[in-house]
Protein chains: 2
Amino acid sequence: MAKVGIKLVAAMAGVSPATVSRALSGKPVDAEMRARVEEAVRATGYRPNLAARRLRSRESGTIGLIVADIRNPFFTAVSRAVEDVAFAHGLRVILCNTDENPEKEAMYLRLMEEERVTGVIFAPTRHTAPKVAVSRHAFPVVLIDRSAPTVLHDAVVLDNARAAAALVEHLHGRGYRRIVGLFGAASTTGVERRGGYEAAMRRLGLVPAATFLDHGGTATEQCVADLLATPERPEAILASNGLMLLGVARALLRAGIHIPADIGLAGFDNEPWTELVGAGITVMEQPVEEIGRNAMAMLFDRGANPAAAARRIVLQATCIVRGSTPGPGSPQP
Amino acid sequence: MAKVGIKLVAAMAGVSPATVSRALSGKPVDAEMRARVEEAVRATGYRPNLAARRLRSRESGTIGLIVADIRNPFFTAVSRAVEDVAFAHGLRVILCNTDENPEKEAMYLRLMEEERVTGVIFAPTRHTAPKVAVSRHAFPVVLIDRSAPTVLHDAVVLDNARAAAALVEHLHGRGYRRIVGLFGAASTTGVERRGGYEAAMRRLGLVPAATFLDHGGTATEQCVADLLATPERPEAILASNGLMLLGVARALLRAGIHIPADIGLAGFDNEPWTELVGAGITVMEQPVEEIGRNAMAMLFDRGANPAAAARRIVLQATCIVRGSTPGPGSPQP
DNA sequence: TCCTGACAAGAAAACGTTTTCTCATTTCGA
DNA sequence: TCGAAATGAGAAAACGTTTTCTTGTCAGGA
């Protein structure tokens, strides 16, 4: 059985390879010839070779999605939105997990260049964010979630400072005073949220007590254990992302500390489970699908208009108040 | 600035393109020439064009991962394991979400053929599983999670019937009798778990009461609401995957039914949050990383030995008993 | 009627690599 | 010392498409 390529199809349909190509890509072709081509394609089970197509046409129809860890529910949700939009436009998505590791980031970016991708959606580590901000690539890059100020790349981010401040204000309004903040060390997001937290604390006459935590591992649980051992136990804890929030909740459980009777808890990312633990956990909800969709839209815009000035879309989080922050000394339900 | 390709590098290094190719792919090349090539690569910022490389060498270095929904934590975890192994072997991963939609499945499989992928890891819908079982492809396929019995493809699955039975036995042992099972309609997994559930129920002299639920939407919550309205409210509910378990927990919360005081709850997938709601939820834990790693290993084995008989790896789940199943009428903590 | 422009189809070039083929040089054994 | 085998490098073919270039036909205007 001869290899089935465009030439075989062409021979079978009695036309030239060029005509097959045109027929398959919807260019004007005589109706009868088109029918013959389609018949031949069906008969042979022909599948165009995307590598050859890409080589010649010089477009990959592929985008890269580079995130820290797909298991972080924030990235899971974003990636799903990205994949949906890509699918609708006939694009493939290559998924890359960096584990906040700059070397993996660099190697994946290099890979994207070799793939000649149409574009990349990228959540850089804090460590590499400044370098990324000034790095030029052969493809458009849209930064998500994390981004140093940059005039080179588009970005869609959250108003992190404001979101953190909103959470502090909520806690303050409920009567909490000793509010400890836990922030991710690996992302600019963590830094910005910490900034918002500290500013809001000071504005309200409170003393900030922020800690940066490493990504992964048991850092969060260890830190919470330490906090609980201090003489002046915090009245409330603020966790700056969904993974940390989970870690804090777990650590409190281990320590036998009850939410909200013994301590208040609030965090980021409205994951489904936050509704379920205890009387629910107060969270700032990020518009995850919107972030993904916006990022894809920016990628397309950029492709259409490479010279335009970089844009930055800043989205707002929504505060969802639940039972974990009733105020210190609230009567038990 | 001339386009930087292998020819430019070759000219700059004073060697032939073939030598550059050999030097870059680690084939034996004179040390000094190799050094010159590397220097030229550095100077030009040369990036090999993967499309051209794939076209000529006839291997894509890419695998496809086709799952129902990356937001399902089971698939999230599997995909992460898959990506890790792929990365370690220098392979790219294309991620595909089918939403249990056979048309999307078919189109993604066609896409994989066009990509000439090295292999595909695939969790087919129940509806397509029988067709998949007899479908031949140009690439090896490893089925995960779901699989009709097939002699064509390798598969790594859970011992679903046994896992469901184990859960029933646990509930029975704790004194529950009216145990309702909720199963996913879209997957063979759901069917197998239901089988295990019903067999175990009968064996123990109980009356099975199984319901198949559609994927997505609010089917789960609606169903639970209906169940609670029946005259003989179930003593315990068994949910056959993590998403359903979440739906059940949410529905119970909405209805003001307390776990475990008013009802027992157990399910599949040891997601982090299951430890946190109430006194923890009893679950069957699937070895998710192992599933991903095994699937990749089978893909490699198959590549090395295409003619070998198809294998089927059946993994066991682990029962993790928590506070949600103390037995009916247990004293409250 | 003839010329021009529009259009569709075929022929051939091009995309950027890897691989095969060929040749020259070196190495080893007899 | 000579011939054979082994080695490494260059030339050229090949991978399977799309695109450009060319040619031919047909329609419409002068």
Side-chain angles (χ1 to χ4, degrees), chain A residues 1-38 40-41 44-62 90 92 110-111 113-118 138, chain B residues 1-38 40-41 44-62 90 92 110-111 113-118 138:
Chain A
M1 193 171 87
K3 276 165 299 185
V4 25
I6 204 172
K7 288 184 195 165
L8 178 64
V9 173
M12 182 161 301
V15 301
S16 76
T19 300
V20 175
S21 172
R22 286 189 273 250
L24 293 182
S25 53
K27 299 210 173 105
V29 163
D30 181 84
E32 194 222 317
M33 285 188 157
R34 161 163 284 135
R36 289 215 309 272
V37 168
E38 282 164 3
V41 166
T44 55
Y46 168 69
R47 294 276 178 275
N49 182 319
L50 288 187
R53 185 201 298 265
R54 289 204 263 256
L55 172 58
R56 175 60 238 219
S57 71
R58 327 188 103 254
E59 40 193 303
S60 67
T62 302
R92 267 71 59 199
R110 184 163 57 239
L111 175 64
E113 303 208 313
E114 299 184 352
E115 290 279 0
R116 307 293 196 266
V117 292
T118 304
Chain B
M1 195 170 87
K3 274 165 299 186
V4 24
I6 203 173
K7 289 184 195 164
L8 179 64
V9 173
M12 184 161 300
V15 301
S16 75
T19 300
V20 175
S21 172
R22 287 188 273 251
L24 293 182
S25 53
K27 302 213 171 98
V29 162
D30 181 83
E32 193 222 317
M33 286 188 156
R34 162 163 284 135
R36 288 215 309 271
V37 167
E38 282 164 2
V41 166
T44 55
Y46 169 69
R47 294 277 177 275
N49 182 319
L50 288 186
R53 185 203 298 266
R54 289 203 264 255
L55 173 59
R56 175 63 239 219
S57 70
R58 324 186 106 256
E59 39 194 303
S60 67
T62 302
R92 266 72 58 199
R110 184 163 57 239
L111 175 65
E113 305 209 311
E114 300 185 353
E115 290 278 359
R116 306 292 194 269
V117 292
T118 304

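Basis for what follows: all heavy atoms, side chains included, without hydrogens, waters or symmetry-related copies. Sequence lines set the chain letters: A, B, ... in the order given, protein chains first and strands last, and positions in each chain run from 1.
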A correct 5'-to-3' footprint of nucleotides 15-22 of chain C, with B, S and - meaning base, sugar-phosphate only and no protein heavy atom under 4.0 Å, is BBBBBB--
Counting only N and O atoms by type, is there a donor-acceptor contact under 3.5 Å from the side chain of A/S60 to the main-chain atoms of A/R116?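 Yes.
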Would you find a donor on one side and an acceptor on the other, under 3.5 Å apart, between the side chain of B/R92 and the backbone of B/T62?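 No; zero donor-acceptor contacts below 3.5 Å.
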Within-4.5 Å side-chain heavy-atom neighbours: B/R22 and B/R34: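 No, too far: nothing below the 4.5 Å cut-off.
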Nearest-0.5 Å distance that lies between atom OG in B/S25 and atom CZ in B/R53: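 Output value for this atom pair is 7.5 Å.
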Evaluate A/L50 against B/L111 for side-chain contact (heavy atoms from CB on, under 4.5 Å), listing each step before the verdict. CA-CA 9 Å; A/L50 288 187; B/L111 175 65; 3.9 Å; yes
Can a donor-acceptor pair be found, under 3.5 Å and without considering hydrogens, that links the side chain of A/R58 to the backbone of A/L55?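 Side chain of A/R58 to backbone of A/L55: no pair is present.
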For nucleotides 22-24 of chain D, give me every protein contact, N/O to N/O, under 3.5 Å, one pair per line with atom names.
none

How many Å lie between CZ on A/R54 and C1' on C/dA14, as a whole number?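 It is 18 Å, rounded to the nearest whole Å.
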Where the side chain of A/R47 meets the backbone of B/E114, is there a donor-acceptor pair that is under 3.5 Å apart?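 Checked: no pair found.
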Between A/E38 and A/V41, is there a side-chain heavy-atom distance shorter than 4.5 Å?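 In short, these two side chains do not touch, never coming nearer than 4.5 Å.
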Indicate whether OP1 or OP2 belonging to D/dG10 is found under 4.0 Å from a side-chain N or O atom of B/T19.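 Answer is yes, contact under 4.0 Å.
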C/dA9 OP1/OP2 closer than 4.0 Å to side-chain N/O of A/S16: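 So the side-chain polar atoms of A/S16 never come under 4.0 Å of the phosphate oxygens OP1 or OP2 of C/dA9.
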